There are 2 protein chains.
Amino acid sequence: MCEALGTVRPYEQERRVVLSVLPHYADGAMSGPNMPARLLLGPGPSMVHPRVLAALGQPLVGHLDPEFLALLDRVQEDLKRLFKTQNQLTLPISGTGSAGMEACFANLIEDGDEVVIGVNGVFGTRMADVATRLGAQVVKVMADWGDIIHPEAVSEALASCRNPSLVAVVHAETSTGAWQPLEDIGELARSHDALFMVDMVTSLGGCPVEVDAWGIDACYSGTQKCLSCPPGLSPISLSERAAEKIRARESKPRSWYLDLSLIGSYFGGERVYHHTAPISMIYALAEALALVHEEGLEKRFARHERHHLALIAGLSVLGIEPAAAAGYRLWMLNSVSVPDGVDEAGIRRRLLLDHGIEIGAGLGPLAGDVWRIGLMGESSRPENIRRLLLALACELGGDGVAAVREADAQLSRAGS
Amino acid sequence: MCEALGTVRPYEQERRVVLSVLPHYADGAMSGPNMPARLLLGPGPSMVHPRVLAALGQPLVGHLDPEFLALLDRVQEDLKRLFKTQNQLTLPISGTGSAGMEACFANLIEDGDEVVIGVNGVFGTRMADVATRLGAQVVKVMADWGDIIHPEAVSEALASCRNPSLVAVVHAETSTGAWQPLEDIGELARSHDALFMVDMVTSLGGCPVEVDAWGIDACYSGTQKCLSCPPGLSPISLSERAAEKIRARESKPRSWYLDLSLIGSYFGGERVYHHTAPISMIYALAEALALVHEEGLEKRFARHERHHLALIAGLSVLGIEPAAAAGYRLWMLNSVSVPDGVDEAGIRRRLLLDHGIEIGAGLGPLAGDVWRIGLMGESSRPENIRRLLLALACELGGDGVAAVREADAQLSRAGS
């Protein structure tokens with residue numbers, strides 16, 4: 001079942017057609033990364049729609065070209081619709097999701113600020129590290145990996161602070177599959193006059209996100225999860241409260257590259273050069289956002305839920321059960337327990353090399369104990385669920401056809 | 001002469017062919033950024049070869065896929081050949097050239113370190129800002145914009161320091177067109193036991209660069225200049241001396257995203273996850289580097305010199321003269337004085353909108369006084385020089401044909 005293409009170059013004939021009409025380069029030899037075909041069902045990158053790939057491959061214009069600036073405006077508007085916000089400071093940072101995380105902290109905290117951070121996985125741990133490096137006094141709210149951060153614990157942490165300036169949690173903990181409720185924690189932050197920051201790297205585009213309605217002051221995401229765009233950009237959104245805090249800073253942000261006052265001058269009306277915008281990735285993001293809005297947010301979220309339920313139903317037939325806390329399981333990132341006695345890494349490797357399917361390993365304390373199965377954006381398709389169930393049955397034993405039938409029955413119950 | 005494609009989607013038929021063979025997506029509708037065709041002769045991005053565009057548009061694999069890791073190894077080896085270095089810490093940072101600048105400073109300086117920085121344009125100014133934010137005590141060595149930093153001035157600055165830890169200059173000042181000699185300043189840095197850092201954003205791939213031979217401890221570049229790859233990555237290289245300094249740090253770098261100890265663990269043998277590598281941009285960089293090495297570095301540099309001389313010869317016929325200091329003019333970025341009485345911005349705008357040619361404006365004190373004409377990587381072609389000379393003659397008046405003949409005569413003298 002291996003679909004690796006080996007030394008065959010995919011789409012060589014079609015690329016020759018494209019090349020033959022390009023100016024200046026009729027003699028261009030063919031080359032390319034020659035990667036094998038993979039079905040990406042890990043924690044990201046997810047599958048990328050060919051319209052997004054085609055946008056990536058378009059010839060470039062300059063970062064101050066009026067046509068490009070109009071495209072940037074469209075990207076900002078489409079991001080606002082996605083984040084459900086009117087925030088003016090909504091834009092893609094030129095780096096991956098972790099750069100978005102660092103941008104939010106670098107702009108919103110100054111030396112000595114007290115920051116409360118929920119730590120129940122890799123990305124909460126990372127937030128605490130980033131904030132500490134930038135000079136914050138971090139108060140960690142710990143929870144087991146796979147569990148959520150409970151509002152009572154946040155309340156206690158806030159009570160222990162003199163003057164907390166910010167509360168931060170991870171909406172979708174990619175390392176554990178836990179889905180963090182946000183509204184109670186947001187209220188607690190506001191009641192202490194602290195900003196509320198949320199990591200939406202894995203949630204944005206796959207489940208409901210309501211930046212304005214939930215009182216979120218800063219959030220960041222990544223392109224390679226539920227937006228099904230290649231990795232490399234981090235959409236962020238900051239509220240007017242957050243912008244006010246930035247304007248009132250006593251010191252410049254430690255990072256020049258991520259200084260939102262400067263970046264905002266390029267995205268705003270003035271178009272002041274900051275750094276050269278990553279043109280091709282912006283093309284890709286614009287196309288990915290167009291696809292999201294063509295599908296419609298409600299339909300897209302329902303699709304993610306439906307396929308999550310179908311996957312879990314099918315896996316159950318194979319004796320594989322969810323690992324995240326019941327009631328708080330993400331739709332787009334399914335953390336599941338590796339059955340006893342199974343060679344976790346060996347199975348994962350055979351899925352990749354023999355079946356062409358990528359799934360993710362566990363991280364930190366969950367290493368060796370869980371697999372992380374992403375059904376994000378374009379990866380969230382019934383045919384992908386069926387292919388994975390059959391491949392797992394081949395490798396682990398078990399009735400693969402029964403597993404697929406159970407998944408299909410679940411899809412039928414959901415009306416798809 | 002306008003080549004803007006308006007509402008016609010370029011290569012639509014060819015994209016349909018490509019889509020028709022892609023799995024899962026036979027019904028994919030066509031869309032895309034619909035940008036006009038531009039000849040990019042500004043300060044970057046430069047023209048991108050269709051092989052690089054084709055690589056960008058390839059389907060993705062995961063950032064821990066063994067095939068992708070093998071590609072990363074190839075990218076690192078090709079970068080070492082380009083930087084002329086054996087430095088193990090040679091890799092692409094996941095951000096633009098300015099992220100590379102910030103990565104070098106964030107890892108190499110700690111609070112209170114004395115840093116000597118040459119400031120003779122936008123990018124020296126930026127280095128001083130970045131280093132100051134990261135806690136350095138910056139000693140600026142000033143020079144006029146368009147001039148170079150003179151070693152005597154660096155020597156004086158070093159003498160004024162207690163314990164200078166780093167000396168930094170810009171090899172190719174993109175804002176002025178000045179070409180900074182490096183060897184004397186490198187020796188001065190070493191004689192004070194300071195690290196030597198060089199901004200190679202615009203020079204790398206367009207003129208000789210000898211990281212090991214010149215004793216450079218840290219340097220960074222960008223992909224969208226002489227490498228003719230889209231913007232979004234910053235190749236960097238750090239010497240063993242620099243790596244030793246990082247290992248001996250008393251504090252963590254202020255930036256988690258740019259922490260080279262962590263990034264190095266992903267690029268090195270351990271493959272520890274740091275952030276999700278920007279897969280598609282790495283595909284593009286791999287292909288751009290393949291093109292560079294297929295051409296050969298010596299041939300590539302000679303091409304940039306030859307076309308610089310041809311451009312200058314042709315512009316002279318139109319009464320347009322170089323603005324950077326004689327003897328120190330860059331080949332790939334030609335800063336030229338706008339003739340008296342000419343509407344600088346109006347001409348530039350008509351070049352873009354009527355002729356489809358982008359050139360750059362002056363920055364800072366040079367705004368309104370110079371144009372910046374890039375002949376970088378794929379943009380450095382005789383046909384582009386001819387097209388620009390004719391367009392300038394159309395807009396400014398003057399004998400365009402004579403200008404082209406003069407440029408061609410210069411090319412003949414250079415034997416091309």
Side-chain angles (χ1 to χ4, degrees), chain A residues 11 14-15 17-19 21-22 25 28 31-33 35-38 40 42 44-45 48-51 53-62 65 67-68 71 94-96 98-99 102 129-130 133-134 224 230-232 252 254-257 275-281 283 286-287 290 358, chain B residues 11 14-15 17-19 21-22 25 28 31-33 35-38 40 42 44-45 48-51 53-62 65 67-68 71 94-96 98-99 102 129-130 133-134 224 230-232 252 254-257 275-281 283 286-287 290 358:
Chain A
Y11 321 130
E14 291 69 24
R15 280 201 277 152
V17 172
V18 174
L19 286 198
V21 299
L22 282 165
Y25 301 109
S31 181
M35 290 289 123
R38 302 290 198 215
L40 300 172
V48 177
H49 193 286
R51 269 173 56 186
L53 295 176
L56 256 182
Q58 290 288 300
L60 279 72
V61 301
D65 195 299
E67 299 274 352
F68 181 71
L71 184 74
S94 301
T96 69
S98 298
E102 192 154 301
D129 189 358
V130 168
R133 288 167 184 248
L134 289 165
Q224 78 277 16
K252 286 183 181 180
R254 292 283 182 181
S255 171
W256 180 94
Y257 186 64
H275 64 279
T276 303
I279 310 290
S280 304
M281 283 298 302
Y283 287 179
E287 194 65 18
E358 177 175 278
Chain B
Y11 321 130
E14 292 69 24
R15 280 202 276 153
V17 172
V18 174
L19 286 197
V21 299
L22 282 166
Y25 302 108
S31 179
M35 290 289 123
R38 302 291 198 215
L40 299 173
V48 176
H49 194 286
R51 268 173 57 187
L53 294 177
L56 256 182
Q58 290 288 301
L60 278 72
V61 300
D65 195 300
E67 299 274 350
F68 182 71
L71 184 74
S94 301
T96 70
S98 298
E102 193 154 301
D129 189 359
V130 169
R133 288 165 184 249
L134 289 165
Q224 78 277 16
K252 285 184 182 180
R254 292 282 181 180
S255 172
W256 181 92
Y257 187 63
H275 65 278
T276 303
I279 311 290
S280 304
M281 282 298 303
Y283 288 179
E287 194 64 18
E358 176 175 277

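Since the structure is predicted, the reported quantities are computational estimates derived from the model, not experimental observations. In what follows, chains are A, B, ... by sequence order, proteins preceding strands, each numbered from 1.
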### Query
Side chains of B/K252 and A/D129: does their closest heavy-atom pair fall under 4.5 Å?
yes
#### Entry: Structural part of B/A99 lying under 4.5 Å from a heavy atom of chain A
both
#### Entry: Any A/V130 side-chain heavy atom under 4.5 Å of B/Y257 side chain
no
### Query
In terms of heavy-atom pairs under 4.5 Å with chain B, which of A/P278, A/A277, A/P231, A/S280 leads?
A/P231
## Note on the structure
Closest heavy-atom pair, B/L40 versus A/G62, reported as atoms and distance to 0.1 Å, is CD2-N, 3.8 Å
#### Entry: B/P45, B/P230, B/P33 screened by side chain to side chain contact (heavy atoms under 4.5 Å, CB included) with A/I279, the one that passes
B/P45
#### Entry: Within-4.5 Å side-chain heavy-atom neighbours: A/L56 and B/L53
no
### Query
Which one, B/R254, B/H275, B/E358, leads in non-hydrogen pairs under 4.5 Å with chain A?
B/R254
### Message
Heavy-atom pairs under 4.5 Å with chain B - which of A/S98, A/G44, A/S94, A/G232 has more of them than the others?
### Response
A/S98
### Spacing of CZ belonging to A/R38 relative to CG belonging to B/D65, to within rounding of 0.5 Å
4.0 Å
### Query
B/E67 versus chain A, heavy atoms under 4.5 Å apart: side chain, backbone, both or neither?
both
### pair A/Q58-B/M35: side-chain heavy atoms closer than 4.5 Å
no
### Query
Going by heavy atoms in the side chains, are B/R133 and A/S255 under 4.5 Å from each other?
no
